[in-house]
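Proteins come first, then strands; the chains are lettered A, B, ... in the order of their sequence lines, and each starts at number 1.
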Protein chains: 2
Amino acid sequence: MSTPTGTRRSDGARTHEAILEASARLASVEGINGLTIGRLAEELGVSKSGLFAHFGSKEALQLETIEAAKEIFDREVVRPALEAPPGLPRLEALFEAFFSYLERGVFPGGCFFAGLLADEDARSGPVHDRAVHLEREWIDFMEQLVREARELGHIKKDDDVEQLTFELYAYLELANYHFVLFRDPDALELGRVAAAERLSRALTEPRRSPTNHR
Amino acid sequence: MSTPTGTRRSDGARTHEAILEASARLASVEGINGLTIGRLAEELGVSKSGLFAHFGSKEALQLETIEAAKEIFDREVVRPALEAPPGLPRLEALFEAFFSYLERGVFPGGCFFAGLLADEDARSGPVHDRAVHLEREWIDFMEQLVREARELGHIKKDDDVEQLTFELYAYLELANYHFVLFRDPDALELGRVAAAERLSRALTEPRRSPTNHR
DNA sequence: CCTACCGATCGGTAGG
DNA sequence: CCTACCGATCGGTAGG
């Protein structure tokens, strides 16, 4: 009946985290601004003020929700990619982890950060600023993987890293929006094919199945 | 002092339209759901109920705002493209009109429909349904231009039309989000280069400046 | 964590 | 088009 000493997180911390995961799921559908304390409290079956006491302000809830979503994204997309060997395999693992994360509906509203990008792009304030910072980090991360693939001789040096990364990222992003909007896995397939073909065009050596197009 | 007979639209109709244009601009920043009648009334310097009387419900305001935004988009992006000759020139004109529309800040929050896509993708109801329909129409329109370019022998037949269109559209979309988020025209340049290179790769004949990459 | 409440704002209505 | 108002919900507070 006593709390096991092996328990690292207190009940309070676990509750806090559970709230934030629910908040991130809700925000992926309603948007980080459509998120309200009342609606979240209702979803969790707690009182509004009880929930509010965890955060102190709506803005703090929004910012903490973003960090919780980042933890989930890292766990579901970034870390699986980092388990693959550097270079081309890691890049391919990143894309596959991303599409899998969409397919599995980790967030019911699709990629949390695609939603955040669109919700906050034209606004200003701390939430916008955080969105800018995280988007920059994500682009830098992808560019680093592309650069590694290039330095390992997996992909050619005549593609500009920033440009190639932009194009690959664009496929992920549009695949996400269309997958959610149309509720149709075909959108993911378009994204997968686009990324695979763009990468295959950048390879130094053609693959065992050396199709360039289609 | 009398109303000139040459005036096609009544004052009421012009007012209604002016309201909707302000609404579309506001919604491009706040989102179609972040849009409120009170905020819009304040912006226009009219009473909330006076404004409300024009629409009858918030949902009607949202739906009318979307149609008004479509008029603007058609005027700024679609019609300029249709003035170019069919095939490759028209496709290039469409992209340039789109980037120009972003650069000129026609909507202060970037492309109205990119925002609508992300705001409504995970929701349900009449506004979502309208967003689905318009997105489908826009994709079909771009696919038709690609198909024309192909039938006129401007681009190769070994690229799948749906796939090629998806890739081109993806560049426009990510360029928009990054242009607005980072407030940086470099994002537009990445989009322009991506689209130009992707198109040039699909050409049946290489161009006067036959660079494949960079 | 709760009940009970605050002023502000929401979408919407009545009456003119 | 306006003033004046409705109940519901917003973010947030007091007090326990």
Kindly write out the residues that satisfy side-chain hydrogen bond (donor to acceptor under 3.5 Å, both in side chains) with K58(A), not counting sequence neighbours, or none if the list is empty. none

Sequence neighbours excluded, the answer for side chain to side chain contact (heavy atoms under 4.5 Å, CB included) partners of H16(A) is L20(A), H54(A), F55(A), E64(A)

Residues in side chain to side chain contact (heavy atoms under 4.5 Å, CB included) contact with T36(A), at least two apart in sequence or another chain: R39(A)

Take nucleotides 2-13 of chain D nucleotide by nucleotide from the 5' end and write B, S or -, depending on whether a protein heavy atom sits under 4.0 Å from the base, only from the sugar-phosphate, or from neither. BBB-----BBBB

My validator wants the stems of DNA chain D: runs of 3 or more consecutive Watson-Crick or G-U pairs, both distances under 3.5 Å, written as range with range. C:1-16 with D:1-16

Name all pairs fulfilling the salt bridge (charged side-chain N to carboxylate O under 4.0 Å, His left out) condition that reach into residues 168-187 of chain B, sequence neighbours left out, sorted by first residue then second. none

Tell me the ring pair (Phe, Tyr, Trp, His ring centres under 6.0 Å) pairs involving residues 56-80 of chain A, sequence neighbours left out? F73(A)-Y101(A), F73(A)-F113(A), F73(A)-W138(A)

Using ring-ring contact (aromatic ring centres under 6.0 Å, His included) as the criterion, list what pairs up with F182(A), not counting sequence neighbours. H178(A)

Considering residues at least two apart in sequence or located in another chain, which fulfil the salt bridge (Lys or Arg N to Asp or Glu O under 4.0 Å) criterion with E162(B)? none

